[in-house]
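Note that the structure is predicted; figures quoted are calculated from it, not measured.
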Amino acid sequence: MIQQRSWKRKVVVVGAGAVGATFCYALAQSGIADEITLIDQNSDLARGQVLDLSHGQPFFPTVDVHIGDKNDYRDAQLVVVTAGSKQRPGETRLDLLRRNASIIRSIASDIAGADSQGVLLVVSNPVDVLTRVAINTTGWPRSRVIGSGTVLDSARFRYLLGRHCRVDTHNVHGYILGEHGDSEFAAWSMTHIGGVHIDSYCPICGRCEDWTAARKQIEQDVIESAYHIIDYKGSTYFAVGLALVRIAAAVLRGQRSVLTVSTMLEGEFDLNGICLSVPCVISENGVEQIMAGHLRQEENEALFRSAAVLEKAISSLEEEG
Ligand code: NAD
């Protein structure tokens, strides 16, 4: 017998700018949400995005799209925060971090105040530091507050490696771990092509003369991807919008998907009190399991370097009081 669902798959998106709107557009087409609520401090922008998207209703699966307010957090299964400020001329990265931290604190305390039982997904940058801010502000268990982390970067990695090896991206499996930023790194020990470990694949493929150099180049290209896109068009939003749909599907459908979200480490990988990306099993409860497997020594060192970068950012934020 087919069971009727009595609840709605409701997603609240805070921030109706480029990333928030693109995510809503992709989410609507995916058919995985029943209700999409858009909130922005610029209510005209939110209203315009909702109208524009709603006019596409005949072309995608039925979904209730509307603007909302903080009352909408209560029954949301997933709240996605893309609200943020851009760097102002002459503003330091630290000043930007402080402004975005204060935006996240204010939104996270509204979410906590609404007694939501859902999962909170932070997207605004710097995502690892802001995920930690959101955990501290809500007081929620670490499992229910996650950052989009390196889900996007891992997709870039799979795309670039697949293109280099001339193999369909879908048959390339690998992860970018650590900070969503300059200190992130490719976990080559976890990388497979068509089920063959990359270390066995490279010698049999024979496409490049120096695969050590090729790997370094691919890793560097992943790190620099966002800079290039921002140079060309000002911001990135298509691929991140799709990465967010992937995370949303894991939460809304309880898929138990392994994704490199940013999560608070409490002893895993010998790190404590830091949010960064490692492979996690994601379901309707958020992080079900941190895959704290074995990393190679150089990967462990790279993870520690990422943690040190993030610790520095956290302490400069805390110095402010
Ligand atoms: P944007 O400027 O286009 O949109 C941000 C929106 O947030 C604006 O519409 C603004 O009005 C709104 N906003 C600001 N403060 C608010 C508040 N207190 N309440 C409600 N709304 C508020 O920026 P964007 O290009 O959409 O990027 C959004 C964020 O996502 C940025 O921090 C960006 O760096 C980040 N981002 C993250 C990733 C990732 O992989 N994690 C990728 C791309 C962008």
Side-chain angles (χ1 to χ4, degrees), residues 18-19 22-23 25-27 29-30 123 125 127-128 147-250 255 257-262 276-280 282 291 293 295-296 298-299 302-303 305-306:
V19 174
T22 309
F23 168 52
Y25 180 70
L27 183 66
Q29 293 190 58
S30 73
V123 184
N125 275 323
V127 66
D128 301 292
S148 55
T150 57
V151 176
L152 168 61
D153 316 67
S154 296
R156 287 173 173 154
F157 176 58
R158 291 174 60 195
Y159 162 73
L160 289 168
L161 185 56
R163 195 182 63 170
H164 175 83
C165 299
R166 296 178 66 103
V167 172
D168 185 347
T169 306
H170 297 93
N171 299 114
V172 176
H173 296 280
Y175 301 113
I176 296 289
L177 306 185
E179 175 204 13
H180 169 62
D182 294 349
S183 70
E184 67 190 19
F185 63 97
W188 293 105
S189 66
M190 299 178 177
T191 306
H192 291 78
I193 296 182
V196 181
H197 192 276
I198 190 75
D199 291 346
S200 307
Y201 183 85
C202 288
I204 54 170
C205 163
R207 275 186 51 77
C208 48
E209 281 171 19
D210 182 351
W211 65 73
T212 308
R215 288 184 193 186
K216 273 207 179 96
Q217 188 59 53
I218 289 167
E219 200 168 1
Q220 196 55 35
D221 288 347
V222 172
I223 294 169
E224 289 171 5
S225 296
Y227 295 119
H228 292 313
I229 299 169
I230 289 168
D231 282 349
Y232 284 127
K233 61 173 208 169
S235 54
T236 73
Y237 38 88
F238 288 133
V240 66
L242 293 166
L244 298 178
V245 173
R246 182 70 190 85
I247 303 170
Q255 285 176 330
S257 308
V258 177
L259 295 167
T260 51
V261 296
S262 185
L276 46 65
S277 291
V278 290
C280 296
I282 305 297
M291 313 268 286
L295 291 178
R296 285 182 184 153
E298 67 270 21
E299 293 168 346
L303 197 68
R305 277 197 297 277
S306 253

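- For the side chain to side chain donor-acceptor pair (under 3.5 Å) test, residues two or more places apart in sequence or in another chain that qualify with Asp168 are His170.
- Between the CZ atom in Arg166 and the CD1 atom in Ile193 there is a gap of 13.5 Å [rounded to 0.5 Å].
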task = Would you please test Val222 and Leu160 for side-chain contact (heavy atoms from CB on, under 4.5 Å) and show each step?
result = CA-CA 8 Å; Val222 172; Leu160 289 168; 3.8 Å; yes
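- Looking only at atom types and distance, the side chain of Tyr227 has a donor-acceptor partner in the side chain of Asp182 under 3.5 Å away.
- Note that CD of Glu184 and OG1 of Thr150 are 7.0 Å apart. Values are rounded to the nearest 0.5 Å.
- A salt bridge links Arg215 with Asp199: the closest approach of a Lys/Arg side-chain nitrogen to an acidic carboxylate oxygen falls below 4.0 angstrom.
- If you take CG on Asp231 and NE2 on His228, they are separated by 7.5 Å, rounding to the nearest 0.5 Å.
- Evaluation of the side chain to side chain donor-acceptor pair (under 3.5 Å) rule for Arg246 yields Gln255, Ser257 as partners, not counting sequence neighbours.
- Pairs of residues two or more places apart, or lying in two chains, that qualify as ring pair (Phe, Tyr, Trp, His ring centres under 6.0 Å) and include a residue from residues 187-210 are Phe157-Trp188, His192-His197.
- Leu161 contributes atom CG, which lies 5.0 Å from atom CD1 of Ile218 (distance to the nearest 0.5 angstrom).
- Closest approach of Thr236 to Val19, counting heavy atoms only: O-CG2, 3.6 Å.
- A distance of 10.0 Å separates CE in Met190 from OG in Ser154, rounded to the nearest 0.5 Å.
- Note that the CZ atom of Phe185 and the OG atom of Ser277 stand 10.0 Å from one another [nearest 0.5 Å].
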